[in-house]
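Report on the following structure.
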Amino acid sequence: MVVKVCLDAGHYGKYNCSPANSNYYESDMVWKLHLYLKEQLEMYGINVITTRDDQKNDRELYERGLSSKGCNLFISLHSNAVGSSVNEKIDYPVSYVLLNGKSDDIGLKLAKVVEKVIGTKQPGKIANRRGNNGEYYGVLRGANAVGAPAIILEHSFHTNSEITNWLLKDGNLKKLAQAEAECIASHYGLKKIEGDSPGSDNNDKEEAKFKPYLVEVTINNLNIRTGPGTNYNTNGKYTGKGAFTIIEEAKGTGASKWGLLKSYSDRKDGWISLDYTKRI
Ligand SMILES: [Zn+2]
């Protein structure tokens with residue numbers, strides 16, 4: 001089964017400026033977040049569509065909900081406000097879920113993820129709201145009309161300064177996207193596809209992790225030394241032919257590069273100059 005998710009950046013243009021920090025617009029935050037979340041969800045093989053292609057263009061709420069036809073989940077991303085001035089006490093994340101209960105489970109899970117990642121003082125929760133024609137919120141009414149489980153996910157409050165400043169950092173939005181994607185994927189029993197796509201946050205780790213490789217010795221007698229450099233004592237000699245596995249690299253004296261041999265991995269005292277080797 002291919003899981004399909006529809007993401008809606010809650011507002012367009014420059015909308016809902018925070019009273020706590022004038023650099024913050026809810027519309028900017030949710031636009032970034034929905035793109036990060038799309039990227040993260042796709043790593044699990046989830047098919048992601050968005051309700052708008054351009055941040056500058058608005059689209060009617062009910063229509064945005066309707067675009068989730070055939071989706072397993074519709075999420076409209078937001079940050080909340082209480083009144084129009086700063087309120088440092090209120091910071092609970094909330095998912096507005098469908099009246100029919102179809103999105104209660106994933107809604108609560110995601111509200112708890114937001115609580116945990118941001119570290120809000122108040123717990124994450126779910127709520128719903130009935131209007132004259134069923135669902136009060138247009139996006140939920142639209143999504144419900146096409147049978148998609150749907151939520152409006154409020155990422156705490158931009159009337160709270162601490163939260164606003166936290167949400168202004170792209171690195172934090174990436175953390176949110178990662179955790180939310182993981183939560184959604186596990187809800188549908190999905191695991192990450194092998195081989196991370198470029199741009200993922202795992203790249204740093206990949207680079208730090210050295211991958212062992214094979215070399216061939218190109219001279220007849222090659223000293224093995226106790227450390228990476230000719231200033232270290234010899235610890236043997238390599239005279240045969242064949243291949244070595246290098247498990248670590250280090251810079252020696254001058255511009256030379258040295259490699260640690262796998263057979264000395266426990267004591268780390270068997271190094272050869274890579275200048276006399278060829279990678280195979
Ligand atoms: Zn909003």
Side-chain angles (χ1 to χ4, degrees), residues 5-38 50-68 73-99 103 106-108 110-115 117-118 120 122 124-131 135-144 148-170 172-173 176-177 180:
V5 173
C6 179
L7 296 180
D8 174 51
H11 308 279
Y12 79 109
K14 290 279 179 193
Y15 191 78
N16 279 350
C17 184
S18 162
N21 187 330
S22 58
N23 292 320
Y24 182 93
Y25 285 87
E26 183 188 349
S27 54
D28 287 342
M29 188 282 282
V30 294
W31 186 262
K32 282 184 196 168
L33 182 58
H34 99 299
L35 294 180
Y36 291 147
L37 185 53
K38 180 178 192 289
T50 58
T51 53
R52 288 179 291 126
D53 299 327
D54 194 331
Q55 211 243 358
K56 290 183 215 75
N57 299 335
D58 195 14
R59 195 173 166 200
E60 211 261 316
L61 290 164
Y62 183 74
E63 200 188 299
R64 283 192 244 159
L66 285 183
S67 64
S68 67
L73 183 63
F74 170 90
I75 310 174
S76 185
L77 305 174
H78 294 260
S79 61
N80 219 334
V82 51
S84 54
S85 51
V86 176
N87 182 321
E88 309 291 29
K89 289 209 175 76
I90 296 179
D91 72 352
Y92 62 85
V94 57
S95 285
Y96 287 96
V97 294
L98 295 179
L99 297 162
S103 53
I106 185 65
L108 186 60
L110 284 170
K112 291 285 176 195
V113 164
V114 176
E115 173 197 333
V117 176
I118 301 184
T120 61
Q122 295 177 308
K125 59 181 185 179
I126 55 172
N128 53 35
R129 192 166 170 188
R130 188 181 294 276
E135 298 291 344
Y136 171 83
Y137 297 104
V139 282
L140 296 186
R141 201 163 60 248
N144 192 44
I151 64 169
I152 291 174
L153 183 54
E154 299 279 3
H155 294 79
S156 186
F157 284 75
H158 59 253
T159 39
N160 180 306
S161 355
E162 213 179 311
I163 301 298
T164 304
N165 294 333
W166 193 93
L167 289 172
L168 273 167
K169 295 198 179 84
D170 287 356
N172 288 336
L173 299 185
L176 271 176
E180 288 174 17

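Atoms within each ligand, like the ligands themselves, are counted from 1 in listed order. All heavy atoms count here, side chains included; hydrogens, waters and symmetry mates do not.
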**Study point:** Residue-atom pairs from the protein, N, O or S only, that lie under 2.8 Å from the Zn ion (ligand 1)
**Key:** H11 NE2, E26 OE2, H78 ND1

Review point. Could you go step by step and tell me if R59 and D54 meet the salt bridge (charged side-chain N to carboxylate O under 4.0 Å, His left out) rule?
Key: CA-CA 10 Å; R59 195 173 166 200; D54 194 331; over 6 Å; no

Practice item. Mind checking salt bridge (Lys or Arg N to Asp or Glu O under 4.0 Å) for E162 and listing every partner two or more places apart, or none if nothing turns up? Key: K121

**Study point:** Residue list, ring-ring contact (aromatic ring centres under 6.0 Å, His included) with Y24, at least two apart or on another chain
**Key:** H158

Review point. Taking only residues two or more places apart in sequence or in another chain, which ones pass ring-ring contact (aromatic ring centres under 6.0 Å, His included) with W31?
Key: H34

Point to revise | Aromatic plane relationship, H78 with H11 - under 30° parallel, 30 to 60° tilted, over 60° perpendicular | key: perpendicular

Practice item. Report the residue from V113, I75, V117 that forms a side chain to side chain contact (heavy atoms under 4.5 Å, CB included) with E180. Key: V113

